[in-house]
Amino acid sequence: MSTEAALDSLMEEARSITGSSQSKVRDSIVNSIYQTAENIASDVVSCTSPKRTDWDRKIDNILTSRVWGFPIMFGVLAVVFWVTIAGANVPSSMLAAGLFWIEDRLTGFFMAMHAPAWFYGFLVLGVYRGLAWVVSVMLPPMAIFFSMFTLLEDLGYLPRVAFNLDRFFKKAGAHGKQALTMSMGFGCNAAGIIACRIIESPRERLIATLTNNFVPCNGRFPTLIALASIFVAGSVSLSFSSALATLAVAGLVAFGIAVTLFVSWTLSKTLLRGEPSSFTLELPPYRKPLVGQVLIRSVLDRTIFVLGRAVVIAAPAGGLVWILANTMVGDASVLSIVAGWLDPMARFMGLDGFILLAFILGLPANEIVFPILIMSYVSGGTLMELDSLADLRYLLVDQHGWTWLTALCTLVFSLCHWPCGTTLFTIQREQKNWRWTVLAALIPTTAGVVACIMLNNLVCALGLVY
Amino acid sequence: MGLTSQSTGRSTTREIFNIKRNNNEPVIALAGNPNTGKSTLFNALTGLRQHTGNWPGKTVLRAEGSFIHNGRRYTLIDLPGTYSLLANSADEEVARDFICFAKPDATVVVVDATCLERNLNLVLQVMEITSKVIVCVNLIDEARRKKLRVDADKLSKKLGVPVITTAARSGEGLPRLMDVISDVVWGRLTPKPKLVRYTGEVEEAIARLEPKVRAAVGDGINARWVALRLLDGDTKLVQAMEKFLSEKEIVRVAQEVLA
Amino acid sequence: MNNTVSLGCLTNGSFALVTELVAEGLTRRRLLDLGLVPGTKVEVIRRSPVGDPIAFGIRGAVIALRKEVANKVLVNPL
């Protein structure tokens, strides 16, 4: 008899022994184990001082209180963004200055070598400039954001967020731990997708997987921050600009969370119908984080990893964009021809052809969308060094006719479009079904296109722009 | 577009058997409840930089590392943190299948000194599957701060397995833990787990099933435990056994692990 | 047994002993795994800002359950 058949017949026999009292047998088994554990524990553990202050409870009384729970949560989020934005400004411009100084030296070197123009263009203006952009724009905010996020994570605050927000996820037919997977998504959506494994029910795990992309990851934060700084904060004095940019970014994140809940709700009412599964969440004791270790870990493990990935992708992408921008068909570059094809659709969404093309070319990694856009804008016109937001403002507004609506539509589309290549790959690996992977790209894209079209046409119809 | 759990079952357990190691390196499994400092301990032992967050279930990917003790290399596998091994979730399944089918040379169960009762539940369940169990009472520094005293010797006598107290964050107790791990791996120390006694009816039913289970699956898997799971109506274990005991590739890898 | 109520109805700060689980299947297994076997002492610790889920002290850990799940645990208030 094969093992399989033997096991099946044993299963049958076990069933006949327990008969209809199967669930009682299980209860009795679990009961015996817990009784034994209880007896042993009471024998070996002694408490030398029965009265002590339970600090965890006191902290929880505030962090999950009816009055302060939500304000503190959004406050923490805002502080994290504010520190990231305000703190990243100076190192970002210093990095940019340094890297573009190197570019000048490289230029000098290539000139001295009498290198062919295409060779110089491809390597320096394409590959190197793309790299420099990604590093200077991404490194400072990422290092700051990851450190603070890791600190919060080690402290034990995230489960409290899930606890506070679970009601909303329940209403949306989703799992409370989706709040945890979303938090991971702030760092990197691919990491968020992997974190979805903590959700036991396949239905709710799928909901969390399909909606994770509505949380802006670190690759998109620099774009959000830069655009928010230029268009929201650009008009006020410098001391307020960080605060205002923070508010704008926090508002976008809140919008992303609202979209997440709405899409989750829609999914659980249509494609992924089903009962919410039982939800159990442990609120672990708070632990004092080992600050030094946290900083080292978050910089070494997360920042360098994500940056490394971005660099690997940005270098060839930068080269590709330069080639596209400098390969002429007739008197137009390939880049502007393709952008021209996309332009009508893009205009309808409040964008322009170059913006949409940048999103498409940015499929490998979200971090390179903005650099690609700038490169394609710049390579068509005069070469310039963009080491300040003022330059960027000049490029976008004065040279390429951006309005606040263009910026807003770009921001919305950045929040709602297909996930990056790595995330899609991760979804495929986790779900092992290409349909879900396709859906994971289609859902946010559709949401973004619809939102942008509505926004653009509404604002234009109201005559708020032009 | 049916919803299946295929993604969590077979592939993750397969993934788990792909241990990168030399054939003669002992494999040590690290089990434990979530939030017991298991990952911190793992990092402290292996020097590996696995991020250790403070939220349940953050070790979603099994981590693997190694440490050298007295000139010998040991492979350490960090299993997902679980409350129990009754395989109600993918995590529990991964942990259980590893302990049951990959046959680690020793299983260290990390428990939280401040919350012993809840954690012993898992220890008792692991002891039913394998006898090569070492209990690591971690966070002993937190327990001291909370004025809790854990009598490790008494616990060791009650359980019949070695008990080590540690504070992984500061490294306290780790050399001793490594000593005991090597003692158990090389047979210098043989844990004799004192198993949970169930009610009369359950024990009777186990006694009826156990010999038949042994006849069917051999000595490779603890027959008492399988009998218990059968009574429990645990169809997932039966599926897992059919999978692991019949699939040639898995058997081959498992033999490699055993070698 | 006459004053048996469901766990979800108790107010914060109260204690109770588990008498019975009225859940079936996976939910029952989960609750058992958490240590909610008959005779277990449970403390109602807090509610989320919007009233649901509820955090309970069960065998030394703080565990949050949604209200409808908590209501499947019958208890005797202490």
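In this text the structure is predicted, and so the values were computed from the model without any measurement. In what follows, every chain begins at residue 1, and chains take the letters A, B, ... in the order their sequences are listed.
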Turns out that what part of R59(C) lies under 4.5 Å from chain A's heavy atoms comes down to side chain
Largest heavy-atom contact set with chain A, pairs under 4.5 Å, which of L31(C), D52(C), L21(C): D52(C)
Which bit of S65(A) is near chain C, if near means a heavy-atom gap under 4.5 Å: side chain, backbone, both or neither? backbone
Flag the pair T280(A) / L34(C) as yes when at least one side-chain heavy-atom distance between them is below 4.5 Å, and no otherwise. yes
In short, R66(C) meets G176(A) closest at the heavy-atom pair NH2-N, 3.3 Å
Less than 4.5 Å to any heavy atom of chain A: does that hold for the side chain of V50(C), its backbone, both, or neither? both
Check: E38(A) and T40(C) side chains under 4.5 Å, non-hydrogen atoms: no
On a heavy-atom basis, which atom in N164(A) and which in P49(C) lie closest, and how many Å separate them? OD1-CD, 3.0 Å
Charged N to carboxylate O below 4.0 Å: is that the case for E68(C) and K170(A)? yes
Segment of I54(C) engaging chain A (4.5 angstrom heavy-atom cut-off): backbone
Hey, does R46(C) have a side-chain heavy atom less than 4.5 Å from the side chain of R57(A)? yes
Less than 4.5 Å to any heavy atom of chain A: does that hold for the side chain of V62(C), its backbone, both, or neither? both
L32(C) and D27(A), any side-chain heavy atoms less than 4.5 Å apart: yes
Greatest number of heavy atom pairs closer than 4.5 Å to chain A - which of I58(C), V69(C), I63(C): I63(C)
Contact between P38(C) and N31(A) at the side-chain level, heavy atoms closer than 4.5 Å - yes or no? yes
Expected output: side-chain Y34(A) to main-chain D33(C) donor-acceptor under 3.5 Å: yes
Toward chain A, the part of I45(C) with a non-hydrogen atom under 4.5 Å: side chain
Please list, in residue-number order, every residue in residues 69-79 of chain A that has a heavy atom less than 4.5 Å from any heavy atom of chain C; write 'none' if there are none. G69(A), F70(A)
